[in-house]
Amino acid sequence: MTVLTEGRHPGGFLVWEAFRDYCHEVVTVASGTLEPGTVLGKITASGKYAAHDPDASDGTETAVAVLWGHADASGGDTIAVAVVRGPALVNQHDLVFAGTPSAGEITAAHTALAAAGIIVR
C-alpha cells in the first residue's frame with residue numbers, strides 16, 4: 001500500500017491576521033530551500049531574507065518575518081511572500097526553524113516577532 005505524506009501548506013501556520021494586504025509583503029529570499037512557516041531574518045547588507053539563524057551576525061540572527069509559502073533559493077535569489085508585520089497570530093507548532101535552536105533561542109525569536117506585531121501562540 002502506498003503511504004502518502006502531506007507536507008506544509010502555504011499560510012498553514014497563520015491563525016489570524018487583521019489585513020492580508022498590510023501584513024504580507026513580497027520579499028527576496030537569498031538562500032536555501034525553505035518551507036511555509038519558516039522563521040526569517042533579514043540580511044542587513046542586502047535587505048534580502050534568509051532562514052533565521054541565532055548564531056549569525058549578518059542580520060538573520062533577529063527573527064523578523066515568517067515565510068508564507070515554499071521558496072527555493074538553492075540556485076540563487078528567489079521571490080516569495082512573507083508575513084512581515086502584524087497584527088497577526090501564528091501557531092507556534094507550525095513554525096519552522098533552521099537547525100536545532102535551543103528553547104531560549106526560540107523564545108527570543110518569538111519575542112522578536114512580537115516586536116513586529118506577529119504574535120506566536
Chemist: For the CZ atom of F97 and the OG atom of S102, what is their distance to the nearest 0.5 Å?
Modeler: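 That separation rounds to 10.5 Å.
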Chemist: Is the shortest heavy-atom distance from the side chain of V84 to the side chain of V64 under 4.5 Å?
Modeler: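 A side-chain contact is absent here, since even the closest heavy-atom pair is not under 4.5 Å.
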Chemist: Any side-chain heavy-atom pair from V3 and M1 closer than 4.5 angstrom?
Modeler: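 The answer is no; the side chains never approach within 4.5 Å.
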Chemist: So which heavy atom on A65 is nearest to which on A82, and how close?
Modeler: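 What the structure gives for the nearest pair is CB-CB, 4.3 Å.
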Chemist: The test is side-chain contact (heavy atoms from CB on, under 4.5 Å); show your working for V27 and V81 and say whether it passes.
Modeler: CA-CA 6 Å; V27 300; V81 174; over 6 Å; no
Chemist: Flag the pair V29 / D77 as yes when at least one side-chain heavy-atom distance between them is below 4.5 Å, and no otherwise.
Modeler: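 No. Closest side-chain heavy atoms not under 4.5 Å.
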Chemist: Measure the shortest side-chain to side-chain distance between V83 and F13 over non-hydrogen atoms and say whether it is less than 4.5 angstrom.
Modeler: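 Side-chain contact under 4.5 Å: yes.
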Chemist: Would I119 end up clustered with W16 when hydrophobic side chains under 4.5 Å apart are linked, directly or stepwise?
Modeler: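 Yes, same cluster.
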Chemist: Please report the interatomic distance CG(L14) to CH2(W68), rounded to the nearest 0.5 Å.
Modeler: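 So the CG of L14 and the CH2 of W68 are separated by 5.0 Å.
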Chemist: Looking at E105 and A103, would you say the former's side chain and the latter's main chain have a donor-acceptor pair under 3.5 Å?
Modeler: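 No, because the side chain of E105 does not come within donor-acceptor range (under 3.5 Å) of the backbone of A103.
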Chemist: Specify the closest pair of heavy atoms between A80 and A71, including all atoms of both residues, with the distance to one decimal.
Modeler: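 For A80 versus A71, the nearest heavy atoms are CB-CB, 4.1 Å.
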Chemist: Give me the atom names and distance for the closest heavy-atom approach of C23 to P87.
Modeler: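 Result for this residue pair: SG-O, 3.6 Å.
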Chemist: Donor-acceptor pairs under 3.5 angstrom involving side-chain atoms of residues 49-57: please list them, not counting sequence neighbours.
Modeler:
from	atom 1	to	atom 2	distance (Å)
H52	ND1	T60	O	3.0
D53	OD1	D55	N	3.0

Chemist: To the closest 0.5 Å, what do you measure between NZ (K48) and OG1 (T78)?
Modeler: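 Here the rounded value is 11.0 Å.
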Chemist: Which heavy atom of G11 sits nearest to which heavy atom of P36, and what is that distance?
Modeler: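 Between these two residues, the closest heavy atoms are N-CB, 4.5 Å.
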Chemist: Considering the options D72, L40, V39, which one meets the side chain to side chain contact (heavy atoms under 4.5 Å, CB included) requirement together with L34?
Modeler: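 Of D72, L40, V39, side chain to side chain contact (heavy atoms under 4.5 Å, CB included) with L34 is met by L40 alone.
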Chemist: Show every salt bridge (Lys or Arg N to Asp or Glu O under 4.0 Å) that has at least one partner inside residues 23-35, sequence neighbours left out.
Modeler: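 Pairs touching residues 23-35 that pass the test: R8-E35, E25-R85.
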Chemist: In residues 108-118, what donor-acceptor pairs under 3.5 Å come from side-chain atoms, sequence neighbours left out?
Modeler:
from	atom 1	to	atom 2	distance (Å)
T111	OG1	T107	O	3.0

Chemist: Please tell me if the side chains of T44 and D58 come closer than 4.5 Å, counting only heavy atoms from C-beta onward.
Modeler: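 No - every pair of side-chain heavy atoms lies 4.5 Å or more apart.
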Chemist: Check whether any side-chain heavy atom of L95 sits under 4.5 Å from a side-chain heavy atom of V66, and report yes or no.
Modeler: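 Of all side-chain heavy-atom pairs linking V66 with L95, at least one is under 4.5 Å.
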